[in-house]
> 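Sending over a structure as structure tokens; questions will come in a sec.
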There are 2 protein chains.
Amino acid sequence: MSQDRARLVPVLHNIATQLRIDSIRATTAAGSGHPTTCASAADVVAALFFSEMRFDPANPHHPLNDRFILSKGHAAPLLYAAWSAVGYVKHDELMKLREIDTDLEGHPTPRLAFVDVATGSLGQGLAAGLGSALNARRIGSDYRTYVLMGDGETAEGSVWEAADSASFLKTDNLVGIVDVNRLGQSRPTMWQHDMEAIARRWRAFGWHAIVIDGHNMDAILDALAEARHTKGQPTAILARTFKGYGVSFLQDKEGWHGKALKAGDEENKAIKELEATLRPVADGAVDALLHAIPKPPAAPAARTGNPSLPPPSYKAGELVATREAYGTALAHLGQADPRIVALDADVGNSTFSDRFEKVAGDRFYQFYIAEQAMVGAAMGLAARGAIPFPSTFACFLSRAYDFIRMAAISNSNVKLAGSHAGVSIGEDGPSQMALEDLAMTRAEPNFTVLYPSDAVCGERCVELAAYHPGPVYIRTSRPKTPILYGADEVFTVGGSKVLRQSDADKATVVGAGVTLFEALKAYDLLKKDGIAIRVIDAYSIQPIDAATLKAAARATGGKVITVEDHYAAGGLGDAVAEALAPQGQTVVRLAVREIPRSGKPDELLDRFGISAARIVAAVKAIG
Amino acid sequence: MSQDRARLVPVLHNIATQLRIDSIRATTAAGSGHPTTCASAADVVAALFFSEMRFDPANPHHPLNDRFILSKGHAAPLLYAAWSAVGYVKHDELMKLREIDTDLEGHPTPRLAFVDVATGSLGQGLAAGLGSALNARRIGSDYRTYVLMGDGETAEGSVWEAADSASFLKTDNLVGIVDVNRLGQSRPTMWQHDMEAIARRWRAFGWHAIVIDGHNMDAILDALAEARHTKGQPTAILARTFKGYGVSFLQDKEGWHGKALKAGDEENKAIKELEATLRPVADGAVDALLHAIPKPPAAPAARTGNPSLPPPSYKAGELVATREAYGTALAHLGQADPRIVALDADVGNSTFSDRFEKVAGDRFYQFYIAEQAMVGAAMGLAARGAIPFPSTFACFLSRAYDFIRMAAISNSNVKLAGSHAGVSIGEDGPSQMALEDLAMTRAEPNFTVLYPSDAVCGERCVELAAYHPGPVYIRTSRPKTPILYGADEVFTVGGSKVLRQSDADKATVVGAGVTLFEALKAYDLLKKDGIAIRVIDAYSIQPIDAATLKAAARATGGKVITVEDHYAAGGLGDAVAEALAPQGQTVVRLAVREIPRSGKPDELLDRFGISAARIVAAVKAIG
């Protein structure tokens with residue numbers, strides 16, 4: 001050990017000890033939380049914050065800071081203590097942990113400037129870290145990303161999706177650290193302290209794996225240095241640790257997961273034991289380390305303004321699938337704006353995101369069949385300033401619903417796109433049909449949900465998504481549909497289009513996507529019978545255009561029919577129903593109400609109740 | 001090679017060739033489908049059906065049959081051809097592939113007796129196979145389970161969750177076969193034909209891995225025999241194959257994923273090439289193999305009738321969390337019925353499923369933090385006659401939403417339970433709060449959704465779930481709530497309870513779970529102001545008790561307020577709104593309408609709009 005290292009190690013040990021003490025104090029004050037899982041990881045965190053990472057402690061958002069993602073989000077008090085140790089969080093604030101009027105929540109959320117993505121649903125941090133690492137590549141920065149995981153959470157398959165993708169993408173600027181403290185919530189983990197079993201997994205997935213004693217500061221520093229010098233593959237540091245480290249009655253003991261110590265004797269005894277381990281260091285040694293934290297280079301000037309895209313170029317009546325329009329617009333955006341990135345799960349030739357790949361291949365990230373890693377990486381990219389469009393078949397976004405949920409909590413700037421919505425995909429059958437994707441995304445408060453019917457609207461929805469803040473979901477369809485709108489038509493988040501109307505309208509029919517065309521066919525059929533209907537394209541599902549819907553409902557005697565290629569709950573029908581409820585009007589919902597099957601698209605639309613004929617019948621029945 | 005083997009191999013080759021031909025013919029007739037992915041796996045499938053598996057071809061449901069799960073569901077034509085080859089599917093029927101009036105759908109569903117779980121969402125079959133293997137252990141049978149995966153799908157993390165769980169649970173009656181055909185949908189897979197890279201992954205996850213040439217029938221038979229003799233760990237057979245094998249213009253070629261051959265020259269040329277590979281075999285050789293398929297032993301007598309459980313035993317007003325009642329009832333069921341099994345994701349001490357573990361530990365399966373594998377295995381168990389209760393925090397069921405979606409398609413008899421619903425969990429914060437679980441499960445047509453408010457109803461909901469056919473979701477709460485019901489109270493799927501009513505009721509308030517108690521508090525507060533309200537416990541969220549709700553709405557002048565610890569879309573409010581729509585009445589929905597945060601449960605109920613005070617305000621406003 002060099003002299004410098006010999007001086008450094010006891011200072012870092014003392015910082016780690018203070019992080020443990022702060023974590024115990026904060027959780028005891030809160031009356032809940034996870035002090036023992038903070039204790040196992042404190043040495044690693046002290047080393048990262050006070051010796052390894054390059055960052056501006058006063059400016060956690062700095063785009064060229066190294067990133068630290070606490071994937072094991074229940075160790076939040078440790079994260080808050082670390083940001084307090086570097087001066088960003090006031091030390092007093094730690095004692096307000098988990099109260100309603102502080103952002104120091106039970107698990108970290110991006111309400112805090114130093115949190116890139118909300119964590120606490122385990123197994124998500126590594127994918128976000130991969131996104132952060134890919135962003136460094138995008139902007140040509142050498143910032144590095146460190147992800148701290150628990151050992152228990154590596155049972156989540158999402159970790160291995162991210163591990164595979166990271167090694168395939170050769171992100172050597174990414175370090176995964178596993179805090180192998182042996183104990184899960186209810187029992188020991190599958191592998192406990194079998195470090196070789198754990199290392200075998202990471203090595204098999206293409207990572208450089210280093211096994212260390214996670215309470216040996218010298219070993220931690222060596223491993224971080226080794227990671228920094230490892231090229232061509234990401235590094236996994238597998239730190240053998242003890243839950244509750246440093247406190248005799250907590251260390252390596254079962255039954256202490258997620259329990260705060262009792263104020264008084266219990267808390268005091270623990271802190272006394274920890275304080276007894278403090279080592280003699282020079283006066284001002286911690287401050288010296290703090291001041292020595294390497295600062296990032298000056299941030300590049302922030303981009304201002306958004307490019308305008310070329311207008312859609314289609315002929316009236318031409319048949320173009322909205323999924324194809326998605327690819328066209330995405331490619332245009334990719335050429336116009338270097339922040340736009342696209343992520344695929346091996347279906348780019350079906351979603352048409354391959355058009356982006358052709359024009360901006362260096363910002364097209366292939367995740368193969370790993371939707372969780374794809375969405376998680378998009379969250380990491382978004383947190384660092386990219387505008388990511390992860391896309392796959394809409395039904396397979398359900399694979400990543402927990403990530404989508406956390407994206408909503410993070411108010412992440414991700415732009416999800418799902419193709420092949422509904423029974424109109426036809427012969428492939430129900431496993432390939434998204435019929436709950438609107439319910440899934442509408443449920444999340446921060447989400448904007450767009451559902452174009454024609455390719456003009458499709459292109460504009462992509463543009464709207466790109467520059468509308470927060471998470472957006474675009475639903476596209478498989479079948480080719482006729483062009484409805486002119487190139488100059490203007491679409492807005494929260495807008496709609498009234499396509500047919502007269503003073504004689506007997507009912508309003510609200511469609512979107514493929515069902516809008518069924519509504520237009522129904523209009524023609526009913527016209528022959530002398531019945532006029534109003535037809536509305538509700539391309540903005542969330543927010544829905546309540547004002548237009550209300551006016552239409554009033555104008556048509558409160559007779560409103562919704563028709564959607566989606567299950568009955570949580571989709572267009574519910575959205576319109578809630579919009580009309582304040583004026584006391586209800587909705588007749590045509591939707592898919594049973595598990596569908598294979599067949600031709602038109603056969604299925606009719607069999608499952610959402611064809612023009614079914615709309616005609618509903619209009620006549622509502623009479 | 002023995003003489004027997006030397007006679008067997010060419011017959012199996014010819015069967016495989018016929019499977020390829022049938023797959024091509026069926027997909028060409030359908031005009032869509034995946035013939036090339038059938039071709040790569042045909043040799044393995046021929047060996048399994050005609051030499052390895054023990055099953056009754058006339059009775060695919062036989063409980064002691066070996067099981068074959070086609071995880072790579074897009075190879076459905078191969079599966080159908082195999083069941084045609086053994087005589088179960090009529091050969092003519094193959095030519096109706098993907099038509100609306102056949103059950104030979106684009107991807108397999110349990111509409112077909114030989115399909116245990118719907119596949120086609122990749123990465124799910126291995127978990128289902130693990131469930132099947134665990135079921136063999138449960139019933140003391142030596143039946144074996146074979147899961148055929150694609151190489152591309154092993155990018156799905158769910159595969160590795162299942163792999164970890166299977167090796168941890170030492171299911172040596174489970175064989176995973178990976179058809180390593182090198183090509184995904186849009187491009188080659190991550191690992192292509194690097195068989196050692198693939199084998200390293202399986203070995204690291206604790207499997208016995210065998211690498212073979214997947215077109216060498218002798219090697220296939222050897223590997224299957226080796227798997228049969230491998231004890232203490234599951235076996236992975238990694239078969240190096242070629243997509244489109246046996247057809248010069250398809251084999252190992254990109255651009256042929258999911259494309260049917262054109263009828264005429266293209267189809268004929270392919271079939272001619274395949275036929276040219278047929279080997280001379282003895283007359284009747286195929287029939288001889290068919291007749292030699294080993295049959296399972298006689299099935300045990302099917303269990304008839306369901307046990308009745310001891311009545312709940314609580315005192316009126318006692319405080320008990322519904323999650324605790326869940327554990328109590330589950331343990332009672334476990335003692336009374338050997339079909340009941342429980343699956344946990346390392347939170348059994350929070351969901352109280354650990355009470356089941358204590359009384360029926362051999363039917364308690366620990367999946368650690370791997371929700372997808374847990375739900376997938378439950379589907380496999382259910383397909384084989386068990387009644388599985390997988391449970392975790394409700395928010396983490398979103399991790400398994402794609403499995404839940406496929407469980408609905410399969411009409412799988414799984415009984416999901418999610419605890420810690422809503423903001424009422426308090427300090428842990430939004431990552432731990434399920435606020436979209438009702439939307440998620442209600443969207444699925446086959447799902448029953450139950451949401452008890454007190455422990456009596458909680459126990460009864462568990463009993464209802466166990467014996468109500470099809471998938472059920474039970475939502476439980478973290479806080480202790482007072483006992484409302486007597487031990488003899490009767491609950492039904494589709495029922496509700498009117499807890500407060502009078503002729504003077506000014507409004508109906510519908511609650512469930514924790515909000516029911518807020519509604520009861522609001523009743524008391526309003527009573528002081530001389531305002532009477534009707535209060536309904538909607539413990540059956542799906543189906544909802546439309547008749548009772550309609551009557552209440554009529555009796556209270558159409559003034560109906562719903563209050564739920566859930567986001568506004570897709571939950572109780574939407575369910576009640578749709579129930580009332582036919583009589584033209586609307587609903588005022590109190591629900592969580594923004595991302596919540598940490599805080600005390602009562603603070604959060606109020607801040608996010610679902611407390612007694614908020615109900616009182618809503619009743620006064622609706623006036």
Side-chain angles (χ1 to χ4, degrees), chain A residues 32 73 98 100 105-107 118 120-122 152-153 155-158 160-161 164 168 184-186 190 200-201 204 346-349 368-370 372 398-399 401-402 405 409 427-432 436 439 442-443 445-446 567 569-570 574 577 581 584 586-587 593-595 597-599 603, chain B residues 32 73 98 100 105-107 118 120-122 152-153 155-158 160-161 164 168 184-186 190 200-201 204 346-349 368-370 372 398-399 401-402 405 409 427-432 436 439 442-443 445-446 567 569-570 574 577 581 584 586-587 593-595 597-599 603:
Chain A
S32 64
R98 294 175 158 241
I100 199 168
E105 297 193 71
H107 294 78
S121 181
L122 292 170
E153 78 172 291
E156 290 285 12
S158 53
W160 301 104
E161 291 184 11
D164 250 341
F168 186 80
Q185 170 174 326
S186 71
M190 268 190 268
R200 251 195 319 273
R201 285 168 163 77
D346 192 23
V347 290
N349 51 347
Y368 296 88
I369 310 176
Q372 296 184 91
S398 65
R399 188 65 69 103
Y401 192 26
D402 194 27
R405 180 177 78 87
I409 292 173
E427 292 83 352
D428 271 341
S431 66
Q432 317 294 302
E436 55 285 278
R442 275 190 67 242
N446 282 329
Y567 289 136
D574 280 354
T586 60
V587 163
R593 290 181 184 272
E594 59 183 302
I595 300 292
R597 57 190 306 135
S598 291
E603 289 173 339
Chain B
S32 63
R98 294 175 161 239
I100 197 167
E105 298 192 71
H107 294 76
S121 181
L122 292 170
E153 77 172 292
E156 289 286 11
S158 53
W160 301 103
E161 291 184 9
D164 250 341
F168 186 78
Q185 170 175 325
S186 72
M190 266 189 271
R200 252 198 316 276
R201 286 168 161 76
D346 192 23
V347 290
N349 52 346
Y368 296 87
I369 310 175
Q372 296 183 89
S398 64
R399 188 65 69 104
Y401 192 26
D402 194 28
R405 180 177 79 87
I409 291 173
E427 292 83 352
D428 271 341
S431 66
Q432 317 294 302
E436 54 285 278
R442 275 190 70 241
N446 283 329
Y567 289 137
D574 281 353
T586 59
V587 163
R593 290 181 183 272
E594 60 183 301
I595 301 293
R597 56 191 305 136
S598 292
E603 290 173 338

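This one's a predicted model, so the numbers in the text were calculated from it and none came from an experiment. Chain letters run A, B, ... following the sequence lines, proteins first, then strands; residues in each count from 1.
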> Of all of G570(B), A439(B), P430(B), G429(B), which one pairs up most often with chain A through heavy atoms under 4.5 Å apart?
P430(B)
> Tell me which of these, E427(A), R593(A), H107(A), has more heavy-atom pairs under 4.5 Å with chain B than the rest.
H107(A)
> Count the heavy-atom pairs under 4.5 Å between each of A569(B), S431(B), G106(B), G599(B) and chain A, then report the option with the highest count.
S431(B)
> Is it the backbone or the side chain of Q372(A) that comes under 4.5 Å from a heavy atom of chain B, or both, or neither?
side chain
> Counting heavy-atom pairs closer than 4.5 Å to chain A, which one of Q185(B), E105(B), E594(B) comes out on top?
Q185(B)
> Just how far is it from atom CZ of R405(A) to atom CD of E436(B), taken to the nearest 0.5 Å?
5.5 Å
> Mind listing the closest non-hydrogen atom pair of Y567(B) and P445(A) along with its distance?
CE2-CG, 3.2 Å
> Work out which heavy atom in Y401(A) is nearest to a heavy atom in S398(B); give both atom names and the distance.
CB-O, 3.5 Å
> So which atom in A155(A) and which in Y368(B) form the shortest heavy-atom distance, rounded to 0.1 Å?
CB-CB, 4.3 Å
> Let me confirm one number: the CE-CG distance from M190(B) to D346(A), rounded to the nearest 0.5 Å.
9.5 Å
> If you take all heavy atoms of T586(A) and G584(B), which pair is closest and at what distance?
CG2-C, 3.7 Å
> Return the CH2 to CH2 distance between W160(B) and W160(A), rounded to the nearest 0.5 Å.
10.0 Å
> Is it the backbone or the side chain of V347(B) that comes under 4.5 Å from a heavy atom of chain A, or both, or neither?
both
> Residues in side-chain contact (heavy atoms from CB on, under 4.5 Å) with A204(B), at least two apart?
R200(A), R201(A), A204(A)
> Say you draw a straight line from CG of D164(B) to CD of E156(A); how long is it, rounded to the nearest 0.5 Å?
11.0 Å
> Tell me, for S121(A) versus chain B, whether the close heavy atoms (under 4.5 Å) come from the side chain, the backbone, both or neither.
both
> Non-hydrogen atoms of chain A under 4.5 Å away: do they reach the side chain of A370(B), the backbone, both or neither?
both
> Among D428(A), N446(A), N349(A), which has the most heavy-atom pairs under 4.5 Å with chain B?
D428(A)
> To the closest 0.5 Å, what do you measure between CG (D574(A)) and CG (D574(B))?
3.5 Å
> Nearest 0.5 Å, please: how far is CD1 in I409(A) from CZ in R597(B)?
12.5 Å
> Check S158(B) against E161(A) and note the closest heavy-atom contact, atom names and distance.
N-OE2, 4.5 Å
